[in-house]
Every structure is written in structure tokens, then in C-alpha cells.
Amino acid sequence: MKRIKIKELLSSTEKGKEVLVKGWVRTKRGSKNIIFIALNDGSTINNIQVVADVSLFDAEMVKNITTGSCLSVQGILVESEGKGQNVEIQAFSIELYGTCDSETYPLQKKGHSMEFLREIAHLRPRTNTFGAVLRIRHAMAFAIHKYFNERGFYYLHTPVITGSDAEGAGEMFHVTTLDLTNIPLNKDGSVDFSEDFFGKQTNLTVSGQLEGELGALALGEIYTFGPTFRAENSNTPRHLAEFWMIEPEMAFYDLTDNMDLAEDFLKYLIRYALENCSEDLQFLNNMINKGLLDRLQFVISNDFIRLTYTEAVEILEKASRKWEYPVGWGRDLQAEHERYLVEEHFEKPVILTDYPKSIKAFYMKQNDDGKTVRAMDVLFPGIGEIIGGSQREEDYTRLLNRIRELGLPEKDLWWYLETRKFGTAPHSGFGLGFERMIVFITGMANIRDVIPFPRTPKNAEF
RNA sequence: UCCUCAGUAGCUCAGUUGGUUAGAGCAACGGACUGUUAAUCCGUGGGUCGCCGGUUCGAGUCCAGCCUGGGGAGCCA
């Protein structure tokens with residue numbers, strides 16, 4: 001007999017047919033005559049109830065059906081006599097694939113703290129919460145590819161290992177095959193990377209953007225979606241050392257086109273989740289974050305507020321409250337400032353544009369005022385910056401001058417600069433932190449709980 | 001990295017001005033129960049009080065250092 005997944009089974013209307021299901025036991029209840037097993041196979045947050053007449057089965061086997069054990073069950077799909085489920089399986093054959101010692105199995109029928117579950121990340125996908133989060137995470141990854149594919153964007157695979165340290169987005173992890181107990185040195189005492197695998201110093205990427213631009217200036221519209229690494233000593237609920245990022249890059253888009261895409265993209269993902277993950281979202285709304293569904297609905301049914309950095313600073317200066325960090329034109333906005341704008345002043349997602357060039361990256365297009373660049377940050381409630389992007393500087397001379405002003409390694413960027421020499425084009429792009437998006441959509445409080453195996457300072461277990 | 005709070009049973013926590021044998025709820029285990037929904041009822045077992053020093057007749061409790069975790073900040077997606 002062919003195995004049927006529980007998700008399919010629960011929507012089945014064919015009562016009285018023989019079925020085969022396989023899954024893990026969530027709970028077992030019952031008396032000495034009859035037992036009820038809640039079985040879950042990960043296909044849905046819902047369990048199928050297996051009803052077994054104890055007299056039909058080996059007593060030792062029945063005793064070994066405990067929370068966490070794995071079963072293969074054959075039976076008849078019937079209408080449930082009890083409340084709480086429409087259908088259930090009247091079992092006539094049970095095979096115990098894997099026992100699960102109840103004295104040492106850490107997952108209980110009761111709820112657990114997120115901190116405890118993080119310590120057992122190998123088992124936490126078996127909980128309702130992480131099952132829901134991981135299914136939603138999958139759906140979002142799929143929706144991202146679907147969205148871009150339907151709009152003619154090409155998925156570009158940018159390198160994970162990079163020889164450039166000019167991306168300027170934070171500390172990098174080194175990649176080397178050198179013997180760390182016997183490092184070859186130059187005469188001046190610096191490391192001789194000519195002996196290393198690539199013959200030069202290499203790192204894990206902090207962004208695929210620069211290579212993404214190369215793709216956009218050939219294919220028109222591209223996106224990247226891959227892992228990204230930051231060796232920052234960041235210990236917050238919003239940071240990971242290894243995370244996934246989506247970076248679309250588009251030729252012939254100005255900053256407004258860029259903002260339109262970002263807003264449409266975010267709303268599409270939320271809408272996709274609401275339409276395709278309703279049971280998981282309902283569970284998270286009930287158990288993890290009460291206002292979740294309302295917040296998601298609110299975001300898709302309202303326009304994001306768009307204003308310039310300069311306008312934002314004026315609002316903050318007029319605000320009747322004390323700031324821990326001073327507000328002033330030219331200073332970067334602090335978390336408290338962004339939170340005020342998003343969560344109190346506008347109470348909507350906000351897109352800030354045209355930041356002072358001194359606080360933004362070298363590749364952003366310089367405005368004619370000589371002071372600001374065509375940057376955009378999308379700020380979300382509870383998350384802060386979820387997207388950072390810009391129109392890129394397409395003028396060779398202005399870009400080169402900016403690189404020299406900032407003292408960046410010009411010769412490492414020769415290939416990037418050549419795109420501005422050979423058929424340059426106006427273009428734009430942005431980066432979306434995948435896990436930050438999942439945090440928003442699931443209502444989870446900590447980014448470490450929306451990735452299966454989080455990598456953070458002092459933590460690379462599993 | 002800085003500020004702050006915490007670490008006691010498998011989990012979540014209580015533990016008085018330092019005092020004799022460290023507690024509760026849940027879980028687990030044993031038993032009862034003919035249909036349960038985080039089942040219910042009765043019973044049982046379970047502790048290197050994060051680690052290492054110090055003060056003291058005596059430390060879960062006080063002090064110092066370290067480790068781990070939470071929250072906030074910085075860095076950023």
C-alpha cells in the first residue's frame with residue numbers, strides 16, 4: 001500500500017478506505033482497552049488521530065509507543081466518534097519504526113521555552129512552533145523565486161568565496177587552507193597569501209551585490225538568493241553570523257522604481273504566506289504572537305510612507321521627547337529614532353531615502369546637491385531595517401572619485417569599475433534579509449528561531 | 001563589544017536576616033479508568049544549587065573571577 005501524507009488525509013472525504021500513514025507520535029492517551037495516538041508527519045501542523053484497540057496488538061509494542069516514537073500505521077479512515085477532529089484512523093496494523101525513551105527524550109507534551117529549544121535544535125523541528133516556522137520559511141523561499149521568475153528576473157549565483165574585501169559591509173570570515181600552526185610570512189611579517197589555496201587572501205561573502213550588478217548590466221534584471229556571512233560580534237535577536245539574503249539588481253531602474261519593487265515584493269510575500277500558510281500562521285497567531293494576522297493584513301493593505309532622510313530628521317527634531325542619542329542632519333539614525341518613526345509617528349512601514357553620503361556606501365548614486373545619495377532603507381515595526389538599497393552610481397568618474405575619497409582598494413575593484421566604462425547604465429538594487437522577513441511574517445521574537453541551525457558568536461553547534 | 005538581569009529536579013520556577021534532611025507545578029515511571037483531546041484520579045522515583053576560589057563554626061543564600069543564556073545598545077540584513 002502507498003503511504004499517504006497526513007495533510008492529504010485530513011482533507012480526504014473518502015471514509016471507509018484503507019490507508020497507510022507514517023509519522024512521529026506527539027501524544028498517546030487512553031485506557032487499558034483503547035489508546036489514542038496523535039501522529040504527525042510534518043506535512044501539516046495538524047495531527048491525525050490513530051485509534052487502536054489494545055487487544056489487537058502486542059502489549060509490549062503498545063507500551064513502547066511513547067511521545068517521540070516513530071510509527072507506520074495501517075487502518076481504516078473513519079469519521080471520528082470524538083470531538084476535535086473530523087476523521088481518524090482505526091488501526092489494524094502498527095509497525096514501530098523507532099522507539100523513544102521517555103525518560104531521556106527532552107520534548108514533553110508541555111510547552112517549552114525558546115531558549116531551551118535552541119539547545120536542542122536537532123529535535124526542535126518536531127515541535128508545532130518550529131514545524132510551522134520551517135514550513136513558512138520554505139513557502140517564502142519558493143515565493144521569492146516565483147515572484148522574480150514571473151517578472152522576468154534571472155536567478156544569478158554569485159560567489160560565496162570572494163577575493164574582494166571592498167564590499168564594505170562588515171567584518172569577514174577568512175577562507176584559507178594554510179596551516180594555522182605554521183603560517184608562511186613575508187619579509188615584513190605579514191601573511192604570505194601567495195601560498196594559500198587561491199594565491200590571495202579570500203573571505204566568505206558579505207554581499208553578492210557587486211557581482212549582482214555585473215549580472216544586471218547584461219541580463220537586465222537579476223536577483224541573488226544565498227547565504228551571507230558576517231563576522232561581527234553581534235549579540236542581538238536580529239543578527240546572525242550566517243544568514244540568507246535576497247539581492248535584486250535591475251538595469252534602468254531609478255530609485256522610485258526600486259522602491260516600488262521593494263514594496264510590491266514585500267507585500268507579495270506576505271500575501272503569499274496568508275494564502276498558502278494559513279494554518280501555520282493561525283497557530284503562531286494563537287500561541288506565539290496574538291496580533292500577528294492583523295499586523296500582516298495591515299501591512300498589505302496600506303501604502304508604505306516614503307520620505308527623505310532630511311524630512312525624517314525634521315520630524316525627529318520636532319518630536320517632544322528626549323533622545324538617548326542626539327538627532328541632527330548628518331548623523332546616522334539610531335534604533336530609537338527609526339522605531340519612533342515607524343511605530344509611533346507613522347505607525348506604518350517607512351521608506352527613508354536620500355541619506356547623507358557620508359553615512360552610506362561608496363557605490364550609491366550621488367545627488368546633484370553634492371551632499372546626499374540615492375539610498376533607501378525600508379523600516380518595519382519591530383524589525384528595524386528590513387531592506388537596504390540604492391540607485392547605484394553609474395558615472396565612472398564620480399564612482400572612482402568616491403572610491404579614492406574613502407581610501408578603498410581601487411585595484412581590487414577594477415572589474416566593478418569597468419562596467420561603468422563599457423556601456424554603463426542607470427541601475428538600482430536592494431538587499432532583503434531573509435530571516436528578518438521570516439521574523440516579521442511568523443511573529444517570532446528572535447531571529448535564531450527562524451533558521452534551522454543558527455550561527456551566532458560562540459555558537460556553531462549542530 | 002558595552003549596559004543589565006538570570007543560572008536550583010527532564011522543563012518552568014520558589015527557596016526568609018547565612019543554619020540542621022533543598023521544595024512546588026508540569027513531565028517521567030507504576031496503578032485505576034470502554035472514546036481521549038496539553039485527558040482525569042491515586043501513588044513513586046528524581047538534585048555536582050553553572051564553574052573555580054574566598055569569607056564563615058556553617059554558603060543555594062555573602063564576596064571576587066570565569067562560563068552560559070535572556071533583554072537593551074552598537075555594528076548591520
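Just so you know, these numbers use all the heavy atoms, side chains as well, and skip hydrogens, waters and symmetry mates. A, B, ... follow the sequence lines: proteins, then strands. Residue 1 opens every chain. The shown structure was predicted, so the numbers you read here are calculated from the model rather than taken from an experiment.
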Test item: [X] side-chain N/O and [Y] main-chain N/O as donor-acceptor pair under 3.5 Å:
X	Y	result
A/E311	A/T308	yes
A/K28	A/V62	yes
A/E247	A/F430	no
A/T442	A/I438	yes
A/R135	A/D280	no

Within the structure shown, what part of the strands sits under 4.0 Å from [X] by heavy-atom distance: base, sugar-phosphate, or nothing?
X	value
A/A335	sugar-phosphate
A/E324	nothing
A/L432	nothing
A/R448	sugar-phosphate

Report the secondary structure of RNA chain B in dot-bracket form, marking unpaired bases with a dot and bases paired to a different strand with |, and treating Watson-Crick or G-U pairs with both distances under 3.5 Å as paired. (((((((..((((.....[...)))).(((((.......))))).....((.((..]....)).)))))))))....
Between [N] atom [atom2] and [X] atom [atom1], what is the distance in whole Å?
X	N	atom1	atom2	answer
A/H239	B/G71	NE2	P	13 Å
A/E338	B/A77	CD	P	11 Å
A/L117	B/G70	CG	P	13 Å
A/L266	B/A77	CG	P	15 Å
A/K28	B/A27	NZ	C1'	15 Å
A/R339	B/G71	CZ	P	13 Å
A/L333	B/C76	CG	P	12 Å
A/I35	B/U37	CD1	C1'	15 Å

Could you go through A/F434 and A/F243, starting from their C-alpha distance and side-chain angles, then the distance that decides it, and tell me whether this counts as ring pair (Phe, Tyr, Trp, His ring centres under 6.0 Å)? CA-CA 7 Å; A/F434 185 53; A/F243 62 99; over 10 Å; no
Nearest-Å distance once atom [atom1] is located in both [N] and [M]:
N	M	atom1	value
B/A64	B/A59	C1'	15 Å
B/G23	B/G45	P	13 Å
B/A24	B/U44	P	11 Å
B/G53	B/C66	C1'	11 Å
B/C63	B/G18	P	11 Å
B/C51	B/G7	C1'	11 Å
B/G60	B/G15	C1'	8 Å

Any salt bridge linking [X] with [Y]? Criterion: basic side-chain nitrogen under 4.0 Å from a carboxylate oxygen.
X	Y	value
A/R321	A/E344	yes
A/R402	A/E405	yes
A/R306	A/D260	yes
A/R118	A/D449	yes
A/E95	A/K22	no
A/E221	A/R151	no

Does a distance-only test, which skips hydrogens and angles, find a donor-acceptor pair under 3.5 Å between the side chain of A/R230 and the base of B/A77? yes
Within the modelled atom types, does a donor on one side and an acceptor on the other bring the side chain of A/S234 and the base of B/C76 under 3.5 Å apart? no
Listing request: all side-chain hydrogen bond (donor to acceptor under 3.5 Å, both in side chains) pairs with a residue in residues 281-293 of chain A, at least two apart in sequence or in separate chains. A/Q282-A/N286, A/N289-A/R295
Which parts of nucleotides 5-12 of chain B does protein reach within less than 4.0 Å, heavy atoms only, written one letter per nucleotide 5' to 3' as B for base, S for sugar-phosphate only and - for none? -----BSS
Output the single nucleotide from [options] whose closest atom is nearest the side chain of [X].
X	options	answer
A/N446	B/G70, B/G72, B/G74	B/G70
A/S102	B/C29, B/G70, B/U36	B/C29
A/R238	B/C75, B/G70, B/U1	B/C75
A/R29	B/G69, B/G72, B/U37	B/U37
A/D332	B/U37, B/C76, B/A73	B/C76
A/N33	B/C75, B/U34, B/A77	B/U34

With sequence neighbours excluded, residues passing side-chain contact (heavy atoms from CB on, under 4.5 Å) with [X]:
X	value
A/Y155	A/H145, A/H157, A/Y223, A/F225
A/S31	A/N33, A/I34
A/V342	A/V350, A/L379, A/P381
A/K371	A/W329, A/D369

Set out, line by line, the N/O atom pairs under 3.5 Å between protein and nucleotides 2-4 of chain B.
none

Under 4.0 Å, heavy atom to any atom of RNA chain B: which of residues 80-96 of chain A qualify? A/S80, A/E81, A/G82, A/K83, A/Q85, A/E88, A/Q90
Which of residues 453-462 of chain A sit near RNA chain B, with a heavy atom under 4.0 Å from it? A/K458
Students often mix this up, so state it plainly: with edges at 30° and 60°, are the rings of A/F362 and A/Y416 parallel, tilted or perpendicular? perpendicular
Parallel, tilted or perpendicular, as decided by the 30° and 60° cut-offs, for the rings of A/H337 and A/W323: perpendicular
Step through the shown structure and confirm whether more than 12 heavy atoms of other residues, nucleotides or ligands are within 6.0 Å of CE on A/M61. yes
Just checking A/N86: does its CG atom have more than 12 heavy atoms from other residues, nucleotides or ligands closer to it than 6.0 angstrom? no
Check nucleotides 30-33 of chain B against the protein and report each pair of N or O atoms closer than 3.5 Å, with its distance, or say if there are none.
unit_1, atom_1, unit_2, atom_2, d
B/C33, OP2, A/K32, NZ, 2.9

Holding to side-chain hydrogen bond (donor to acceptor under 3.5 Å, both in side chains), I want the full list of residues that pass it with A/Q49, two or more places apart in sequence or in another chain. A/R29, A/E88
Is the ring centre of A/F243 under 5.5 Å from the base ring centre of B/A77, and are the two planes under 30° apart, so that they stack? yes
Upstream residue (5' side of RNA chain B) when A/E435 and A/A445 are each assigned their closest nucleotide: A/A445
